[in-house]
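Worksheet for the structure shown next.
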Amino acid sequence: MSVSRFGVSLESDLLEALDEYVAINNFPNRSQAIRQLIERNIVEKKWQCNNVVAGAIILVYNHNKRDLTNKLADIQLSYYKEILSVQHFYFSQTTCFEIIAVKGQSYRLTELSDKLIATKGVQHGKLIMTKSDDE
């Protein structure tokens with residue numbers, strides 16, 4: 001892909017914020033940081049437009065909690081078309097870390113993650129989405 005150069009004018013406080021962002025995120029230069037910010041903005045717009053996106057739902061829960069794993073499995077079954085893969089890791093005798101790879105319309109993925117995270121017994125959850133090539 002070819003690269004085009006252009007100039008950007010920023011107020012000093014925005015430039016300082018950009019430089020801080022570059023340093024914190026270990027970007028090699030401002031251009032890389034700006035690329036990443038633009039890409040993130042594009043991806044987030046796709047979420048709002050309900051385009052097809054890919055992502056991961058991360059859950060942490062006590063797998064000994066009565067019926068919790070069955071409830072999570074029942075919710076996941078309702079979204080079998082969006083779920084690509086599920087991985088379980090055990091942090092301890094009781095704590096399960098689950099990663100659910102998903103792909104589909106952003107509103108469906110958000111709906112699925114909201115239901116899973118709201119399930120009583122889930123200690124922490126997060127949905128991470130990114131663009132998909134199926135646009």
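- When each of I83, I128, V53 is checked for a side chain to side chain contact (heavy atoms under 4.5 Å, CB included) with L109, only V53 meets the rule.
- The shortest distance between side-chain heavy atoms of H63 and Y90 falls below 4.5 Å.
- Contact of the T119 side chain with the L68 side chain is registered, since non-hydrogen atoms from C-beta on lie closer than 4.5 Å.
- Here the closest non-hydrogen pair linking M129 and S106 is SD-CB, 4.0 Å.
- For the pair L18/I34, a side-chain contact is recorded, criterion being any heavy-atom separation below 4.5 Å from C-beta on.
- Panel note: side chain S92, backbone T95; a donor-acceptor pair is recorded below 3.5 Å.
- By the 4.5 Å heavy-atom criterion applied to side chains, Y21 and Q36 are counted as neighbours.
- Annotation: side chain of L15 is in contact with side chain of R30 (closest heavy-atom distance under 4.5 Å).
- L59 has its side chain within reach of I100: a pair of non-hydrogen atoms, C-beta onward, lies under 4.5 Å apart.
- In this structure, the side chain of N29 engages the main chain of S31 through a donor-acceptor pair within 3.5 Å.
- Taking both residues in full, the closest heavy atoms of F6 and V8 are given as CE1-CG2, 3.0 Å, listed atom of the first, atom of the second, then distance.
- Residues that satisfy the side chain to side chain donor-acceptor pair (under 3.5 Å) test with E98, not counting sequence neighbours, are Y61, Q76, H88.
- The neighbour count for Q123 CD, taken as heavy atoms of other residues, nucleotides or ligands under 6.0 Å away, is above 12.
- Judged purely by atom type and a 3.5 angstrom limit, D67 has no side-chain atom pairing as donor or acceptor with the backbone of N70.
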